[in-house]
Amino acid sequence: MTQTILGRRSIRKFASDPVAPETRDLLLECAFAAPSAHNRRPCEFIVIEDRAVLDALAEAHDSGKMLRQAPLAIAVCAETAGYPEGDRAWIEDCAAALENILLAARSVGLEGVWLKVMDRHPRNEKIRPVLGVPGSVEIVGIAALGRGLEEKDPHGGIQEEKLHFNRW
């Protein structure tokens with residue numbers, strides 16, 4: 001398990017082989033298993049496997065060119081209706097789900113990269129119509145996924161200068 005976490009890197013080059021439905025569903029099951037503040041479960045997921053939609057997303061997202069190669073993407077969204085004014089706990093919920101997707105992908109031999117959407121203008125406005133997302137839903141990010149065609153060294157070590165014990 002630690003090799004999955006330490007080995008997870010942002011991979012932006014993918015083989016075009018499709019992701020098997022059972023593998024895709026495992027990634028989604030892991031996404032739904034993410035923690036949620038007050039168990040509100042605001043996360044909703046858009047599974048994107050259609051080449052035309054992936055290509056449209058690659059065009060709409062200024063850092064999303066790898067979506068032209070990726071056989072799968074999962075947009076992680078939050079239904080924000082019903083949240084009290086100023087309560088944005090859904091951001092952490094979606095971030096946890098996105099990380100679960102990326103770690104699960106790594107554990108089954110896939111790779112991925114997290115593409116931020118929320119609060120990035122005009123990225124958000126361009127992606128929203130491509131995915132047909134309603135107004136009360138925020139697109140937090142998109143995981144581009146597939147069999148990686150590049151390798152990066154795993155993370156390792158502790159950055160002592162950023163480590164504090166008991167107090168700052």
Side-chain angles (χ1 to χ4, degrees), residues 4-19 23-25 27-28 30-32 34 36-37 42-81 83 86-155 159 162:
T4 296
I5 294 170
L6 294 176
R8 199 222 60 77
R9 300 294 304 264
S10 293
I11 300 299
R12 294 173 176 85
K13 294 179 183 172
F14 302 103
S16 60
D17 336 347
V19 174
T23 302
R24 176 204 60 215
D25 292 349
L27 301 181
L28 291 166
C30 290
F32 279 106
S36 175
C43 297
E44 305 217 9
F45 305 93
I46 303 171
V47 177
I48 307 129
E49 299 171 308
D50 181 270
R51 176 51 43 208
V53 178
L54 288 163
D55 289 348
L57 283 174
E59 189 67 31
H61 196 294
D62 57 309
S63 296
K65 304 306 176 231
M66 78 291 298
L67 288 162
R68 290 197 186 282
Q69 293 178 331
L72 172 66
I74 300 174
V76 179
C77 306
E79 173 56 70
T80 61
Y83 272 81
D87 184 347
R88 292 171 46 111
W90 47 267
I91 296 171
E92 289 90 352
D93 293 356
C94 288
L98 246 165
E99 184 68 2
N100 275 13
I101 290 167
L102 293 169
L103 290 173
R106 174 82 179 158
S107 76
V108 296
L110 299 176
E111 300 292 352
V113 63
W114 180 326
L115 300 169
K116 185 171 176 11
V117 175
M118 184 190 77
D119 293 338
R120 296 284 174 101
H121 306 287
R123 187 183 295 171
N124 188 34
E125 290 80 5
K126 289 181 176 181
I127 291 171
R128 199 169 264 292
V130 172
L131 297 177
V133 176
S136 66
V137 173
E138 289 290 339
I139 308 164
V140 174
I142 299 170
L145 303 156
R147 188 170 55 79
L149 290 180
E150 62 180 322
E151 289 187 30
K152 295 181 179 179
D153 291 335
H155 295 282
Q159 295 178 7
K162 296 186 177 189

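FYI, side chains are in, hydrogens and waters are out, and symmetry mates aren't considered; it's all heavy atoms of this structure. Predicted model only: the values in this text are computed from it and were never measured.
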Exercise. Considering residues, nucleotides and ligands other than Glu92, do more than 12 of their heavy atoms fall under 6.0 Å from its CD?
Worked result: yes

Exercise. Is there a donor-acceptor pair under 3.5 Å between the side chain of Lys13 and the backbone N or O of Gly148?
Worked result: no

For this session: Answer yes or no: does atom NZ of Lys116 have more than 12 heavy-atom neighbours from other residues, nucleotides or ligands under 6.0 Å?
Result: yes

Exercise. Is a side-chain donor or acceptor of Lys152 paired with a backbone partner of Ser10 at a separation under 3.5 angstrom?
Worked result: yes

Exercise. Just how far is it from atom CD of Glu79 to atom CH2 of Trp90, taken to the nearest 0.5 Å?
Worked result: 10.5 Å

Exercise. Can you name the nearest heavy-atom pair linking Gly7 to Pro154, along with the distance?
Worked result: CA-CB, 3.9 Å

Exercise. Going by heavy atoms in the side chains, are Leu72 and Arg24 under 4.5 Å from each other?
Worked result: yes

Problem set entry | Basic-acidic side-chain contact under 4.0 Å: Arg147, Glu111 | no

Exercise. What closest approach, in Å, do Leu102 and Arg8 show between heavy atoms, and which atom pair accounts for it?
Worked result: CB-CD, 3.7 Å

Exercise. Which pair of non-hydrogen atoms, one from Cys30 and one from Asn100, has the smallest distance, and what is that distance?
Worked result: O-ND2, 3.0 Å

Problem set entry | Minimal non-hydrogen separation, Pro134 against Arg128, with atom names | O-NH1, 3.0 Å

For this session: Might you point out which heavy atoms bring Leu145 and Pro71 nearest each other, and give the distance in Å?
Result: O-CD, 3.1 Å

For this session: Take atom CD of Glu59 as the centre, draw a 6.0 Å sphere, and report whether it contains more than 12 heavy atoms from other residues, nucleotides or ligands.
Result: no

Exercise. What's the verdict on side chain to side chain contact (heavy atoms under 4.5 Å, CB included) for Val133 and Ile46, showing C-alpha distance, side-chain angles and the deciding distance?
Worked result: CA-CA 9 Å; Val133 176; Ile46 303 171; 3.8 Å; yes

For this session: Quick one: closest heavy-atom pair of Asp62 and Arg123, and the distance?
Result: OD1-NE, 2.6 Å

